[in-house]
Amino acid sequence: MNVLAQFRGPWVYIDAEGHICTQPDEGRPHGAVVAHAGHHPGFIRQEAIGPLIAAGPELVDALVDAIEALAMCQPRTEHGARCQSAATLKGWAAIAKAKGGEA
């Protein structure tokens, strides 16, 4: 099981601290820290990676919706069917990887 599954989205990025956190529950001052986007020379800057990590749960949900919508489309050509199949497989592999499974 993916350890991040217990941290329900949406997540938020707090630039001043470099933290990616869950939304706080009502009546609580802050959410749980999911990750820290630290800055080290030679690595991606935290201002670039933090918002992307925070958007992770929404991106996975959007990809699931897009794949399911794509599956309802009827390709008009054999090439279109191959492209649709390849995109669907890549999408499900990315979702599995994001959820801690094999890609």
Side-chain angles (χ1 to χ4, degrees):
M1 180 181 159
N2 182 354
V3 70
L4 294 179
Q6 64 184 315
F7 297 107
R8 61 171 168 51
W11 295 347
V12 295
Y13 174 62
I14 302 170
D15 186 42
E17 300 169 5
H19 290 161
I20 295 90
C21 302
T22 60
Q23 293 281 356
D25 291 328
E26 191 170 329
R28 303 204 97 164
H30 53 79
V33 175
V34 176
H36 178 77
H39 176 71
H40 301 285
F43 287 88
I44 298 172
R45 292 180 19 203
Q46 70 183 33
E47 308 85 53
I49 199 75
L52 178 61
I53 294 169
E58 289 93 346
L59 289 171
V60 170
D61 289 345
L63 183 55
V64 168
D65 292 345
I67 291 170
E68 290 174 350
L70 180 62
M72 291 185 270
C73 295
Q74 182 63 41
R76 291 186 279 206
T77 65
E78 188 176 315
H79 175 72
R82 284 193 307 271
C83 291
Q84 180 179 359
S85 178
T88 300
L89 291 173
K90 285 171 66 175
W92 287 124
I95 290 165
K97 184 176 180 182
K99 291 185 174 186
E102 291 185 24

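All figures in this text were calculated on a predicted structure; none of them were measured in a lab. We count residues from 1, following the sequence as given.
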Item to complete: Would you confirm whether Ser85, through its side chain, and Ala81, through its main-chain N or O, come within 3.5 Å as a donor-acceptor pair?
Response: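 Side chain of Ser85 to backbone of Ala81: no pair is present.
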
Show every donor-acceptor pair shorter than 3.5 Å between a side-chain atom in residues 65-80 and any protein atom, with sequence neighbours excluded, or say none if there are none.
residue: Thr77; atom: OG1; partner: Gly80; partner atom: N; Å: 2.9
residue: Glu78; atom: OE2; partner: Arg82; partner atom: NH1; Å: 3.1

Practice prompt. Report the distance from atom CD of Glu58 to atom CG of Leu63, rounding to the nearest 0.5 Å.
Written response: 13.5 Å

